[in-house]
Structures are given as C-alpha cells and as structure tokens.
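Worksheet: the structure to be examined is printed underneath.
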Amino acid sequence: MRIDILTGFPKIVEGPLNESIIKIGRQKGAVQIVVHNLRDYTDDKHKTIDDYPYGGGPGMVLKVEPIVRALDVLFTEHNADEAQIVLPSPRGTTLTQSLVTRYSLAGHLVIICGHYKGIDERVHDFYKIEEVSIGDYILSSGEIAALVLVDALVRLQPGVIKDIDSAWTDSFSDDLLDAPYYTRPAEFRGVKVPQVLTSGDHKKIEQWRLRQREDLTRKRRPDLYEKYIKINK
Ligand code: ADE
C-alpha cells in the first residue's frame, strides 16, 4: 500500500511515522508513506498556505492552489482513478474499523491534512475526496487525525503484525470489545491474574474471554452489543 500525506506541517507527522508499528511496516515494505509539504506548492516568497475566509469570521482556511497543485503533481505519476483521497474533518463520516478495513484494501491512499477552519471547498471541484472524522470533537490539526488513520491502516497490512490473530481479536473486529489481558507476574501486591488464564485449559480460556468480551460490550457499548446479538444469537 502507498500512502501520501499532504500537509503544511510535516514535522507533526514525521515523528510518529518513524516509530513502532508504522516504522516496522515501512521497513518491511508493507507500506510506503510519502509526506509532501504543501509549502512546496506555493508561489509566493512567504510560502503562504492559508488565508482569511471570505465572508469573514475567525480562523484561517487552507488555500486551494497548493493542495490542487500537489494533487496534480502526484497524479502525473500515479493513476488518480485508483487512488482514494481522504480529508480528515469533523464534518466527515465517522471512522470505524470497517471503514479502516475498506481503506486498507485500497492500493493508494492520499490524505490531505486541513488546519484551522479547514480547506477551501473548491478542492472538491477538482478531485473526489471523502471526508472522515475520527470523533465528535474538534482538533486543531488534521495531521493528528491523519496519523490515527495511518496507524489503523498500517497494522492491518499483511506482514506488519507478527501474530495476525492479534489484529482479528481486537475490539471492533467482530462488533465486540476486546477482553482484559494480563502478563507476568501472576501476582502483584496481592492481586492475582484470573485463575483460568494460568490453567492451561485453552477451551476454558476461550470461553472466559468471549464471556468477558460480551459482558464488557454490553456494559460499555450497548449499541455494539445489540448489533452483535442480532448477528450471533
Ligand atoms: N480535524 C479537526 N477535527 C477533526 C476530527 N474530529 N476528525 C478528523 N479531522 C479533524
């Protein structure tokens, strides 16, 4: 998979892209991530990427030219029809694991990072772009949301997580939250790990985990639990 990130603030994304699972995914060649600085697509000496909104009001808007120029250049080398272009935005469709799965199957994802009040709406007149929100709250930077999406995508790429079962038992992979996990020591300050987990009885452990997942989901996310019950019971 190839992911291009268009941003006016490359330093926000560079650290996380070079750590942990994302770094491993890049090193293994499971994902190629290229960061483009929108300031490289400006034509004034101050490399201006934002301006005041027409009609007034607080905040700044990312200018149309640097974004469309960056996309034009990118799509001279890559087929625009095969790329999925995403704009992180609080106005977007809420990001879910099933949306992450859909994007993970795209060979090429382009993420445009907005900032301040967002981007000039006319960008949508030139390219088909899906807006995606990572939740009902406002971030000051689309870069943080872009990183959330990239992280969720990279870990699903074949070869990135050693134990692929680990990804498939995660919360949301089948509409249930994940079970609690424990590691050594078996006892800490008098608190013991649930006995079943040290029993070596894999069938019992599996049943215990499923029960934990169902109980947690019912308590914390009745919306998900209802969906699960409809499909599974
Ligand atoms: N940019 C600002 N807030 C955001 C959000 N909640 N999701 C995605 N992008 C954003």
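Remember, predicted model here, so these are calculated numbers, not experimental data. For ligands, and for the atoms within them, numbers begin at 1 and follow the listed sequence.
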What do you reckon, does [X] have a nitrogen or oxygen under 3.5 Å from a nitrogen or oxygen of ligand 1?
X	value
Leu139	yes
Gly135	yes
Ile138	no
Ser141	no

Quiz item: Honestly, is Arg69 close enough over Tyr41, meaning NZ or CZ under 6.0 Å from the six-membered ring centre and within 45° of the axis?
Solution: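 That pair does not qualify as a cation-pi contact.
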
Quiz prompt | Within 45° cone of Tyr228 ring axis and under 6.0 Å: Arg221 NZ or CZ | solution =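 Verdict for Tyr228: no cation-pi partner in Arg221.
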
Looking at [atom], what's its closest protein heavy atom, distance included?
atom	value
atom 8 (C) of ligand 1	Ser89 N, 3.3 Å
atom 4 (C) of ligand 1	Pro90 CD, 3.6 Å
atom 7 (N) of ligand 1	Ile134 N, 3.0 Å

Practice problem: With heavy atoms only and a cut-off of under 4.0 Å, state how Pro88 meets ligand 1: side chain, backbone, both or neither. | Solution: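 It is both backbone and side chain that touch ligand 1.
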
Self-check item: Location of contacts on Asp136 toward ligand 1, heavy atoms closer than 4.0 Å
Solution: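 Neither; nothing of Asp136 gets under 4.0 Å from ligand 1.
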
Quiz item: Is the closest heavy atom of Val132 to ligand 1 under 4.0 Å?
Solution: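 Yes.
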
Quiz item: Hey, what's the ring geometry for Phe9 with His115, parallel, tilted or perpendicular (30° and 60° as the breaks)?
Solution: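 Phe9 vs His115 ring planes: parallel.
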
Exercise. Could you check Val148, Ile5, Thr7 and say which one makes a side chain to side chain contact (heavy atoms under 4.5 Å, CB included) with Glu143?
Key: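 Output: one option passes, namely Thr7.
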
Self-check item: Criterion salt bridge (charged side-chain N to carboxylate O under 4.0 Å, His left out) on Arg91 and Glu121, from CA distance to verdict
Solution: CA-CA 12 Å; Arg91 291 194 325 196; Glu121 194 70 18; 3.2 Å; yes

Quiz item: Does the side chain of Gln84 reach to within under 4.5 Å of the side chain of Arg102, using non-hydrogen atoms?
Solution: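 Of all side-chain heavy-atom pairs linking Arg102 with Gln84, at least one is under 4.5 Å.
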
Quiz item: In Å and rounded to the nearest 0.5 Å, what is the CZ to OH distance from Arg209 to Tyr181?
Solution: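 It comes to 5.0 Å.
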
